[in-house]
Amino acid sequence: MAFLVALVSAFLILQILSPTDALSTNYYDHACPQLEATVTAAVKKALVNDNTVPAALLRMHFHDCFIRGCDGSVLLNSTRGNTAEKDGPPNISLHAFYVIDNAKKAVEALCPGVVSCADILALAARDAVSLSGGPTWNVPKGRLDGRISMASDTRQLPAPIFNISQLQQSFSQRGLSMEDLVALSGGHTLGFAHCSSFQNRIHNFSPAADVDPSLSPSFAANLRNVCPLHNTVKNAGSTMDSTFTIFDNVYFKMLLQGQSIFTSDQALLTTPQTKALVTKFASSQQEFNNAFIQSMIKMSSLTGGQEIRLDCKVVR
C-alpha cells in the first residue's frame with residue numbers, strides 16, 4: 001500500500017511538473033522587447049550593494065522550480081489563511097525578493113500585464129550566474145504564474161542531508177537526470193551555508209566518529225571552529241567554496257579534496273557515475289558551464305502556472 005501511495009505521489013508530481021506548455025526564447029520579442037535588459041539592470045543594481053544577491057536568486061529559482069514547476073509560487077506572501085512557500089523551513093533563509101519586485105515594477109512600467117513573475121525570476125537567475133563570471137544563455141520564456149503556494153510543499157525540496165538515492169529520486173521525479181543533479185549542484189559555487197545545515201557532519205556524526213571521516217581534518221576543524229556544538233551566533237556558517245562570489249568550478253575541486261559542506265555534496269562521490277562527472281567538471285570549467293546551461297534550461301522548463309501576476313507577492 002505504501003508503495004502504491006509513493007507511486008501515485010510521484011505520478012502527480014510529474015503531472016504538475018511536465019514541460020507541456022511550449023516555451024520560446026523569443027516569446028516577448030514583440031510584446032516586451034526591453035524585458036531582458038530591464039531585468040539585468042535590476043540585478044546589476046542590487047549586486048552593487050550586496051554580493052550575496054546572485055546566490056540568493058539562483059537558489060530562489062531552484063526552490064521555485066522544484067515545487068509545482070517554475071511558476072513564481074516561491075514569491076507569494078503568506079496570508080491570514082495560508083503559510084506560503086517562502087515561509088516554509090527550507091526557505092526561511094531565502095532573501096533578495098526585492099530584486100524580483102523591483103524588476104517586475106520596471107517591467108510593468110514598460111509592458112503592463114504582459115510578463116510573468118516566473119519568467120522574471122528565470123531571467124534573474126541567469127543574470128545572477130553571468131554577472132558572477134559564469135556563462136550566459138538564452139532563457140526560454142512564456143511561463144505563467146501559479147496561484148498556489150504552501151509551506152508544507154517545501155518538504156519536497158531535496159535536503160542537505162540527502163544521500164545519493166534520495167537525491168536521485170527527487171531529481172528523477174522532475175524528469176532530471178544524474179548529470180543534471182551533478183551540474184545543478186555546481187550552483188553551490190555561489191553562496192553560504194548556515195551551521196544547522198551541516199552540523200550533522202561535524203558533531204556527533206556517528207557512534208564511532210564525532211566528525212564525518214570523508215571530510216579533510218583541517219577543513220573539518222575550521223568548520224567546527226565556526227560552528228561549535230552549541231552554537232549561539234546567529235547566521236554563523238560557511239561559504240560553499242573559497243570563491244563564493246565567482247561562478248567557477250572550485251566547488252568540484254574542493255569536493256574532491258574532502259572539502260564539501262553538505263552531506264548531499266559528499267553524496268556525489270558515492271557512485272561511479274556521479275564521481276566521474278564531479279572529476280570532469282573539476283578539470284574543465286567549460287565542461288561544467290556547458291552541462292550547467294543544459295540542466296538549467298531543462299529544469300526551468302518545468303511549468304505549472306495559470307496567470308500573469310501584476311504584483312509578484314499576491315495572486316490576481
Side-chain angles (χ1 to χ4, degrees), residues 50-67 74 85-97 125 128 151-171 181-206 209-245 247 250-252 254-255 257-270 274 278:
D50 183 356
N51 66 5
T52 70
V53 161
L57 294 175
L58 185 57
R59 185 166 174 245
M60 193 187 298
H61 181 50
F62 182 93
H63 283 212
D64 184 37
C65 293
F66 259 60
I67 298 175
V74 74
E85 286 171 36
K86 65 166 63 169
D87 293 319
N91 288 341
I92 292 296
S93 59
L94 285 182
H95 68 286
F97 290 100
S152 57
D153 284 344
T154 60
R155 288 177 294 195
Q156 298 170 18
L157 292 168
I161 59 169
F162 271 13
N163 60 33
I164 196 66
S165 61
Q166 291 169 311
L167 289 168
Q168 182 177 16
Q169 181 182 28
S170 179
F171 275 67
L181 163 61
V182 180
L184 292 172
S185 293
H188 285 168
T189 184
L190 300 176
F192 181 87
H194 291 92
C195 295
S196 58
S197 60
F198 58 89
Q199 197 86 350
N200 64 308
R201 300 189 71 199
I202 57 172
H203 299 290
N204 302 319
F205 177 72
S206 73
D210 196 30
V211 175
D212 185 342
S214 66
L215 282 171
S216 151
S218 59
F219 185 71
N222 288 337
L223 292 180
R224 282 166 63 92
N225 186 50
V226 173
C227 301
L229 182 57
H230 300 294
N231 174 58
T232 57
V233 180
K234 189 180 180 183
N235 295 326
S238 170
T239 57
M240 296 297 288
D241 77 15
S242 59
T243 58
F244 69 99
T245 61
F247 190 93
V250 169
Y251 161 83
F252 294 108
M254 290 181 65
L255 186 49
Q257 295 165 5
Q259 297 180 30
S260 58
I261 299 292
F262 297 151
T263 299
S264 58
D265 295 319
Q266 182 62 29
L268 302 182
L269 299 181
T270 59
T274 52
V278 168

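- The closest side-chain heavy-atom distance from Asn91 to Leu157 is below 4.5 Å.
- Test Leu181, Val182, Thr189 against Ser185 for side-chain contact (heavy atoms from CB on, under 4.5 Å) and you get one pass: Leu181.
- For Asn222, there are no side-chain hydrogen bond (donor to acceptor under 3.5 Å, both in side chains) partners at least two apart in sequence or on another chain.
- For Leu57 against Ala96, the heavy-atom pair with the smallest separation is CD2-O, 4.0 Å.
- Arg155 places a side-chain N or O within donor-acceptor distance of the main-chain N or O of Ser152, the cut-off being under 3.5 Å.
- Side-chain rings of Tyr251 and Phe244 stay apart, their centers remaining 6.0 Å or farther from each other.
- Formation of a donor-acceptor pair under 3.5 Å by the Arg201 side chain with backbone atoms of Ser214 is not found in this model.
- Residues satisfying the ring pair (Phe, Tyr, Trp, His ring centres under 6.0 Å) criterion with Phe252, sequence neighbours excluded, are Phe281, Phe288.
- Every side-chain hydrogen bond (donor to acceptor under 3.5 Å, both in side chains) that Asp50 has, sequence neighbours left out, goes to Thr52.
- Proximity of Gln257 to Phe219: side-chain heavy atoms (C-beta onward) are nowhere separated by under 4.5 Å.
- Taking each heavy atom of Gln199 and Cys227 in turn, the nearest pair found is OE1-CB, 4.0 Å.
- Annotation: side-chain hydrogen bond (donor to acceptor under 3.5 Å, both in side chains) contacts of Ser196 (sequence neighbours excluded): none.
- Residues passing the salt bridge (charged side-chain N to carboxylate O under 4.0 Å, His left out) test with Asp210, sequence neighbours excluded: Arg224.
- What you find for Asn231 and Cys195 is that their closest heavy atoms are ND2-SG, 4.1 Å.
- Between Leu269 and Thr274, every side-chain heavy-atom pair lies at or beyond the 4.5 Å cut-off.
- The heavy-atom pair separating Ser260 from Asp265 by the smallest distance is CB-CB, 3.7 Å.
- Taking the six-membered ring where tryptophan is involved, the planes of Phe262 and His188 are perpendicular, since the angle between them exceeds 60° and thus also 30°.
- Leu94 and Arg59 make their closest contact through CD2-NH1, 3.6 Å (heavy atoms, listed as atom of the first residue, atom of the second, distance).
- Every residue two or more places apart in sequence or in another chain was checked for a ring pair (Phe, Tyr, Trp, His ring centres under 6.0 Å) with His61, and none qualifies.
- For Phe205, the side-chain contact (heavy atoms from CB on, under 4.5 Å) partners two or more places apart in sequence, or in a different chain, are Asp212, Pro213.
- Evaluation of the salt bridge (charged side-chain N to carboxylate O under 4.0 Å, His left out) rule for Asp153 yields Arg68 as partners, not counting sequence neighbours.
- For Gln259 against Ser216, the heavy-atom pair with the smallest separation is CG-CB, 4.3 Å.
- Looking at residues two or more places apart in sequence or on another chain, you find a side-chain contact (heavy atoms from CB on, under 4.5 Å) between Phe192 and His194, Thr239.
- Listed by chain and residue number, Thr263 satisfy the side-chain hydrogen bond (donor to acceptor under 3.5 Å, both in side chains) test with Asn200 (two or more places apart in sequence, or in another chain).
- For the side-chain contact (heavy atoms from CB on, under 4.5 Å) test, residues two or more places apart in sequence or in another chain that qualify with Asn163 are Ser165, Gln166.
- Residues Thr245 and Pro54 fail the side-chain proximity criterion, which asks for heavy atoms closer than 4.5 Å.
- Side-chain contact between Val226 and Ser238: absent, with no pair of heavy atoms (C-beta onward) separated by less than 4.5 Å.
- Applying the ring pair (Phe, Tyr, Trp, His ring centres under 6.0 Å) criterion to Phe97, with sequence neighbours excluded, gives no partner residue.
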